[in-house]
Amino acid sequence: MAARVVWVNGPIVVGAGPAGLSVAACLRERGVPSVLLERADCIASLWQRRTYDRLRLHLPKHFCELPGMPFPDAYPEYPDRRQFVDYLQAYAARAGVEPRFNQSVTSARYDDAAGLWRVRAEDVSVDAAGDVTEYIGRWLVVATGENAERVVPEIDGADDFEGPVSHVAEYKSGAAYRGKRVLVVGCGNSGMEVCLDLCHHNALPAMVVRDSKVHVLPREMLGVATFSVAVFLHRFLPLWVVDRILVVLAWLFLGDLAKIGITRPSRGPLELKNTRGRTPVLDIGALARIRSGDIEVVPGIRRLLRGGAELVDGRRVPADAVILATGYQSNVPQWLKGSDFFTQEGYPRVPFPDGWKGESGLYSVGFTRRGLSGVSSDAVKVAQDIAMAWNHQTATTR
């Protein structure tokens, strides 16, 4: 099918989550038009369609603000999922950002001869499914983020298991699991919170701690957010010292987690977050449920059986359902062609804080492994850089 060709007088931005909205708003504030492409039919589809009902921001709201717009004063310190979505919708409306929805980018390639980016997108809406548009422009901003695609590990025996096996992206609440035995694979923030939510709905969760180790920190210490403490300490101390302090404080506030089957990595929580993207778990009550026996901690799954699972230690545990809290990953390598700016894992090769700008008008927003604060930082830098080039181009064509 021949593609419809659209000339973009400004940057082509891919992804209408917080990253894409931020950079589009910052560009518009500087007088630079852009086209924002989104494969879903709404902004922030991860937050609207693939998150559970009880989800809240893990950090205090002032660390999660997008450029130029604070959260409403009436919002709590940790806004819930619905409040954050409302904030994003208000942000887009205030900035006049209007994404082109149902545009699933299948390829983006720089045309050396023309000095332009060619971005092909397939219309995935019901009425026009299959229609292809090629967007052509001088700049390309990759804003699809670190959580574009779910990670679904292969588990031996999955076809034999009689119950449902689903990813946490499909989980909304524990109401559907009342009275059921549920294996939750993964001990990150999602795994912990899903187990806690299952407890609140009188389900019987067992959290599968695979071969990975994890840092668990209290969300707050004496009423102060742990992240705020870390940021304050890092102003005066090197990262490795801050990490050691956090580990000691976690031990004082949470106790020895090895006794309940959770072991800490040798590298510190902030170091792992910055270098590997592994976010420490911020406890909001799951540890107490583990200690009380409401949540069982079990080792990895060797294989699934008809009515449960065989664990790597040889034990067999019954289960009615399996939920994979195994996270998400970048999908950039699937569609960005002919560029080595991103690694095969889908992150800029140049580490933070310099990974926002590539060559030939290529930019990235939202791949800093630093959450929403990293998104805002990238968005401002990218918009400023493109605005300088835009203003120079405009001046020379007058």
Side-chain angles (χ1 to χ4, degrees), residues 6 8-51 55-59 61-76 78-105 119 121 123-125 133 135 137 139-148 328 331 356 363-368 370-387 390:
V6 174
V8 177
N9 186 30
I12 303 166
V13 183
V14 183
L21 296 176
S22 295
V23 73
C26 290
L27 286 165
R28 187 174 175 86
E29 182 184 21
R30 290 161 176 80
V32 181
S34 65
V35 166
L36 177 56
L37 306 178
E38 168 56 46
R39 65 179 176 178
D41 61 356
C42 62
I43 65 169
S45 62
L46 174 66
W47 283 87
Q48 296 211 58
R49 304 281 169 77
R50 293 179 283 156
T51 50
L55 179 64
R56 289 181 174 270
L57 293 180
H58 292 132
L59 302 180
K61 61 183 179 182
H62 66 276
F63 288 113
C64 302
E65 294 172 352
L66 301 188
M69 183 173 156
F71 282 94
D73 292 337
Y75 273 29
Y78 299 93
D80 62 27
R81 167 183 167 271
R82 185 67 255 169
Q83 289 170 325
F84 186 58
V85 169
D86 290 344
Y87 167 79
L88 293 177
Q89 291 174 332
Y91 184 85
R94 174 178 167 176
V97 174
E98 299 179 350
R100 298 190 182 190
F101 295 117
N102 299 305
Q103 295 291 291
S104 179
V105 172
V119 180
D123 192 325
V124 293
S125 62
T133 302
Y135 297 89
W139 301 280
L140 172 65
V141 182
V142 179
T144 46
E146 303 165 355
N147 302 306
Y328 298 87
N331 69 355
W356 56 275
Y363 297 87
S364 76
V365 177
F367 296 89
T368 65
R370 284 163 172 77
L372 292 168
S373 60
V375 165
S376 295
S377 172
D378 274 356
V380 172
K381 292 176 184 176
V382 169
Q384 289 175 339
D385 199 69
I386 293 177
W390 168 269

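Worth knowing before you read on, the calculation uses all heavy atoms, side chains too, and leaves out hydrogens, waters and symmetry mates.
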Considering residues at least two apart in sequence or located in another chain, which fulfil the salt bridge (Lys or Arg N to Asp or Glu O under 4.0 Å) criterion with [X]?
X	value
Arg49	Asp41
Arg82	Asp86
Asp385	Lys357
Arg39	Glu149

| Parallel under 30°, tilted from 30 to 60°, perpendicular over 60°: which one fits the rings of Phe84 and Tyr87? | parallel
How would you list, by chain and number, every residue that makes a side chain to side chain contact (heavy atoms under 4.5 Å, CB included) with [X], sequence neighbours excluded?
X	answer
Thr368	Phe352, Arg370, Asp378
Thr133	Arg4, Val6, Gln103, Tyr135
Glu29	none
Tyr328	Leu46, Arg50, Asn147, Arg150, His167, Val168, Ala169

Quick one: list whatever passes side-chain hydrogen bond (donor to acceptor under 3.5 Å, both in side chains) with [X], sequence neighbours left out.
X	value
Ser125	Asp123
Arg100	none
Thr51	Arg81
Tyr91	none

| request: List the steps, then state whether side chain to side chain contact (heavy atoms under 4.5 Å, CB included) holds for Glu65 with Ser376. | output: CA-CA 8 Å; Glu65 294 172 352; Ser376 295; 5.9 Å; no
| field | Under 3.5 Å donor-acceptor, Glu38 side chain and Ala16 backbone | value | yes
